[in-house]
Structure formats: structure tokens, C-alpha cells
K.L.:
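Submitted below is the structure of interest, expressed as C-alpha cells.
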Amino acid sequence: MIRTGFQVAARLGHRRALPGGPRVLPGLSPTSAFGSSVDSLVSIFCLKKTDFKDYALPNPSWCPDMLSLYQEFLEKTKTNEWVKIPSFKSNKDHIQGFKLPSELAVTSDKDDRRLFTRCIQVEGQGYEYVIFFQPSQKKSVCLFQPGPYLEGIPGFAHGGSLTALVDEAFSKTAYLAGEGLLTISLNIRFQNLIPLGSLAVMNIDVEKIEDQKLYMRCIIQSRDQQTVYAKSSGVFLQWPLEEESSH
């Protein structure tokens with residue numbers, strides 16, 4: 001099934017490729033699904049009125065560094081320069097109008113699904129993170145505090161836990177920057193260990209959009225930028241949403 005998914009994504013990516021050279025990111029997003037701009041995509045994704053629990057809000061487990069940097073970015077949202085991205089239990093609560101090809105359709109009727117990075121429900125034990133997105137520059141910052149359930153080497157975060165969050169942060173940024181939804185490739189190079197319970201800051205940029213693909217890069221470092229934990233790059237396939245299923 002995984003292989004089939006990538007084959008379908010590859011076929012669609014090739015089939016929908018645009019003629020001509022690369023499209024360098026403009027200052028404003030071109031129209032996309034629903035004839036929408038980046039601002040429209042943000043409004044679709046970040047529901048202002050919802051009963052869903054937002055897991056990207058401070059709780060008592062947050063370390064002082066994470067809490068203070070969160071407050072700094074929250075201040076920036078007041079001028080519309082940055083947007084705080086809510087984080088719900090499942091992507092189905094975020095992304096409306098997303099429909100896979102029939103061969104990949106979900107047949108299970110179970111509704112208790114959880115986003116992998118939100119599967120540990122005890123505060124502070126697993127993934128504590130929040131993403132802020134800057135629409136004008138199509139970039140984001142993710143604040144990440146790994147809990148003890150994410151341990152690899154004793155006292156430090158497992159490399160796989162960081163990779164999973166990079167993929168999640170990339171996907172949210174790719175969607176908001178240009179409807180990038182499906183991961184085509186993801187590469188990560190580790191440089192230093194992240195202590196459990198500490199803050200890691202992920203700076204994510206969209207380098208370009210070309211042939212219906214978004215090319216991403218990320219550097220993960222300490223708050224003072226003196227320690228680089230990892231560097232990553234990824235490619236995401238654009239997947240326009242269906243208008244009749246939108247908000």
C-alpha cells in the first residue's frame with residue numbers, strides 16, 4: 001500500500017507538471033484550490049471557531065525557554081506578520097476537501113485516529129511543539145520540546161522522533177505555502193543530540209516551487225543558535241483540494 005501511494009503520487013506529480021522552467025516563489029501566492037491565496041489557505045486551515053482541542057497551547061510542562069519564545073512569536077501575530085498554527089488531534093480536523101485516489105481510499109470506519117506527533121496524550125511526556133507561519137515569506141518556525149517518552153540515547157531525544165516532527169512541520173508549511181500535502185522525499189543530517197525537556201528551534205523555508213513540487217529546507221538549533229542539532233531537506237507534492245468539501 002505504501003509503494004502504491006508513492007507510485008500514485010509520482011504519476012500525479014508527473015502528469016500535472018507545468019511546462020517551462022522553475023517557478024520562483026513570488027511575493028504573494030498565486031491562486032490555488034478554490035481560487036485562494038495563501039491568506040485564504042491559512043484561514044481554511046486555522047479555524048477560529050472550533051470545539052477541537054488545540055494541542056499547540058502552553059501547558060505546565062513547557063520549559064522557560066519554550067514559553068518565553070512562544071510569547072515572543074505570539075506578540076508578532078498581533079501585527080499579522082506571523083500566524084500561530086493550531087494543532088488538532090487529527091489532520092482530518094484541519095484539512096478539508098482532501099481526497100486520495102480510489103486505490104488509496106480509507107475503508108476503516110474507526111474515527112479514533114490521531115496524528116502521530118499527537119499520539120502521546122500526557123502533557124510533557126512526548127511531543128510538545130507549536131508552529132508559527134509567516135505568510136509573506138512562506139516560512140515557519142517550530143518550537144519543539146521532546147519529552148521522556150521520546151528517548152533514544154539516555155537523556156536525549158531519539159533521532160526518529162525528530163525526523164517525524166520535521167516531516168510534520170514541513171507538511172504544515174508546505175500546505176500553507178502552496179498546498180503541498182504528500183511527502184516525496186525527506187533527508188536529515190544529525191549533528192548534535194537534543195536533551196530531553198529542552199527547547200529546539202526549527203527554522204523552515206520553502207526554497208522553490210517547481211513542477212507541482214515544493215522544495216523545503218530546515219535547520220534545527222538551540223535558541224541561542226550556538227548548537228546545531230540537525231539540518232534537513234524535503235520535497236512535497238502539491239495536492240489541490242476539492243472546493244465542495246471546503247469550509
Side-chain angles (χ1 to χ4, degrees), residues 2-3 5-6 9 55-56 61-70 72-73 85 87 91 114-134 137-177 180-210 213-237:
I2 294 176
R3 179 178 297 177
F6 281 113
Y55 291 87
S61 74
W62 284 22
C63 67
D65 274 346
M66 181 156 173
L67 189 58
S68 64
L69 196 54
Y70 171 86
E72 287 183 20
F73 275 96
I85 307 304
S87 181
N91 270 333
R114 275 188 175 270
L115 191 64
F116 180 75
T117 51
R118 293 301 183 193
C119 65
I120 300 174
Q121 301 183 48
V122 182
E123 291 181 351
Q125 297 302 298
Y127 287 94
E128 294 291 342
Y129 68 94
V130 57
I131 300 171
F132 289 89
F133 177 68
Q134 188 179 46
Q137 299 295 319
K138 298 183 180 63
K139 66 180 182 179
S140 63
V141 170
C142 176
L143 312 181
F144 170 43
Q145 179 183 305
Y149 288 5
L150 303 185
E151 186 179 68
I153 292 176
F156 296 91
H158 194 289
S161 69
L162 177 60
T163 304
L165 186 59
V166 169
D167 189 28
E168 170 65 9
F170 269 168
S171 69
K172 294 297 187 285
T173 305
Y175 169 74
L176 293 171
L181 282 174
L182 299 181
T183 310
I184 296 177
S185 67
L186 183 66
N187 299 289
I188 189 165
R189 182 177 181 85
F190 300 100
Q191 296 186 210
N192 287 285
L193 299 172
I194 303 176
L196 295 173
S198 67
L199 172 65
V201 181
M202 301 166 56
N203 291 282
I204 302 163
D205 293 287
V206 177
E207 293 187 291
K208 63 179 179 179
I209 299 175
E210 178 181 335
K213 300 179 184 73
L214 289 94
Y215 293 79
M216 321 278 292
R217 65 179 177 182
C218 174
I219 181 170
I220 303 99
Q221 55 194 341
S222 58
R223 179 176 180 175
D224 61 10
Q225 302 182 0
Q226 296 303 302
T227 303
V228 174
Y229 297 121
K231 294 181 179 181
S232 181
S233 62
V235 182
F236 284 75
L237 178 67

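Counting from 1, the numbers follow the sequence of the chain as shown. Just so you know, these numbers come straight off a predicted model, no measurement behind them. Only this structure's heavy atoms are used, side chains among them; waters, hydrogens and symmetry mates stay out.
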K.L.:
Which heavy atom of Phe190 sits nearest to which heavy atom of Gly159, and what is that distance?
P.N.:
CZ-O, 3.5 Å

K.L.:
Can you confirm whether Gln125 sits close enough to Ser61 that some side-chain heavy atom of one is under 4.5 Å from a side-chain heavy atom of the other?
P.N.:
no

K.L.:
Between Asn192 and Val228, what is the shortest heavy-atom contact and its length?
P.N.:
ND2-O, 2.8 Å

K.L.:
Does Leu182 form a side chain to side chain contact (heavy atoms under 4.5 Å, CB included) with Ile184? I'd like the steps, not just the answer.
P.N.:
CA-CA 6 Å; Leu182 299 181; Ile184 296 177; 5.7 Å; no

K.L.:
Arg217 and Ser232: side-chain donor and acceptor closer than 3.5 Å?
P.N.:
no

K.L.:
Rounded to the nearest 0.5 Å, what separates atom CG in Leu162 from atom CG in Leu193?
P.N.:
10.5 Å

K.L.:
Looking at CD1 of Ile131 and CZ of Phe144, how far apart are the two atoms once the value is rounded to the nearest 0.5 Å?
P.N.:
11.5 Å

K.L.:
Are Val166 and Met202 packed together at the side-chain level, in the sense that at least one heavy-atom pair is separated by less than 4.5 angstrom?
P.N.:
yes

K.L.:
Is any side-chain heavy atom of Val130 less than 4.5 Å from a side-chain heavy atom of Tyr70?
P.N.:
yes

K.L.:
Side-chain contact, heavy-atom cut-off 4.5 Å: Ile188 with Leu186?
P.N.:
no

K.L.:
What pair of heavy atoms forms the shortest contact from Val206 to Ala177, and how long is it?
P.N.:
CG2-CB, 3.7 Å

K.L.:
First locate atom OG1 of Thr173, then atom CZ of Phe133, and finally report the distance between them rounded to the nearest 0.5 Å.
P.N.:
6.5 Å

K.L.:
Taking the side chain as everything from C-beta on, heavy atoms only, tell me whether Leu199 gets closer than 4.5 Å to Gln145.
P.N.:
no

K.L.:
Would Thr117 and Tyr129 count as a side chain to side chain contact (heavy atoms under 4.5 Å, CB included) here? Give the steps.
P.N.:
CA-CA 9 Å; Thr117 51; Tyr129 68 94; 2.8 Å; yes

K.L.:
Measure the spacing between CG of Leu181 and CG of Leu214 and express it to the nearest 0.5 Å.
P.N.:
9.5 Å

K.L.:
To the nearest 0.5 Å, what is the distance between CD1 on Ile204 and CD on Gln134?
P.N.:
13.0 Å

K.L.:
Does any non-hydrogen side-chain atom of Val201 lie less than 4.5 Å from one of Leu69?
P.N.:
yes

K.L.:
Please answer whether the main-chain N or O of Tyr127 pairs with a side-chain N or O of Tyr55 as donor and acceptor at a distance below 3.5 Å.
P.N.:
no

K.L.:
Could you tell me if the ring centre of Phe73 sits under 6.0 Å from that of Phe132?
P.N.:
yes

K.L.:
Atom SG of Cys142 and atom CG of Leu165: how far apart are they, to the nearest 0.5 Å?
P.N.:
4.5 Å

K.L.:
Report the C-alpha distance between Gln221 and Asn203 in whole Å, list the side-chain angles of each, state the deciding distance to 0.1 Å, and finish with yes or no for side chain to side chain contact (heavy atoms under 4.5 Å, CB included).
P.N.:
CA-CA 8 Å; Gln221 55 194 341; Asn203 291 282; 3.3 Å; yes

K.L.:
Could you tell me whether Lys139 and Asp205 make a salt bridge, using a distance below 4.0 angstrom between a side-chain N and a carboxylate O?
P.N.:
no

K.L.:
Which residues pass the side-chain hydrogen bond (donor to acceptor under 3.5 Å, both in side chains) test with Ser198, not counting sequence neighbours?
P.N.:
none

K.L.:
Side-chain contact test, heavy atoms from C-beta onward, threshold under 4.5 Å: evaluate it for Leu150 versus Ile120 and give yes or no.
P.N.:
yes

K.L.:
Is a donor on one side and an acceptor on the other found under 3.5 Å between the side chain of Ser161 and the backbone of Ala157?
P.N.:
no

K.L.:
With distance as the sole criterion, is a donor-acceptor pair present between the side chains of Asp167 and Thr183 under 3.5 Å?
P.N.:
yes

K.L.:
Within the 4.5 Å heavy-atom criterion, are Phe236 and Lys213 side-chain neighbours or not?
P.N.:
no

K.L.:
Flag the pair Glu207 and Lys138 as a salt bridge only when some basic side-chain nitrogen lies within less than 4.0 angstrom of an acidic carboxylate oxygen.
P.N.:
no

K.L.:
Is there a side-chain hydrogen bond (donor to acceptor under 3.5 Å, both in side chains) between Trp62 and Glu128 once you walk through the steps?
P.N.:
CA-CA 8 Å; Trp62 284 22; Glu128 294 291 342; 2.9 Å; yes

K.L.:
Taking atom types as modelled, is there a side-chain donor on Ser222 or Tyr229 under 3.5 Å from an acceptor on the other?
P.N.:
no

K.L.:
Which heavy atom of Ile194 sits nearest to which heavy atom of Ala200, and what is that distance?
P.N.:
CD1-CB, 4.0 Å

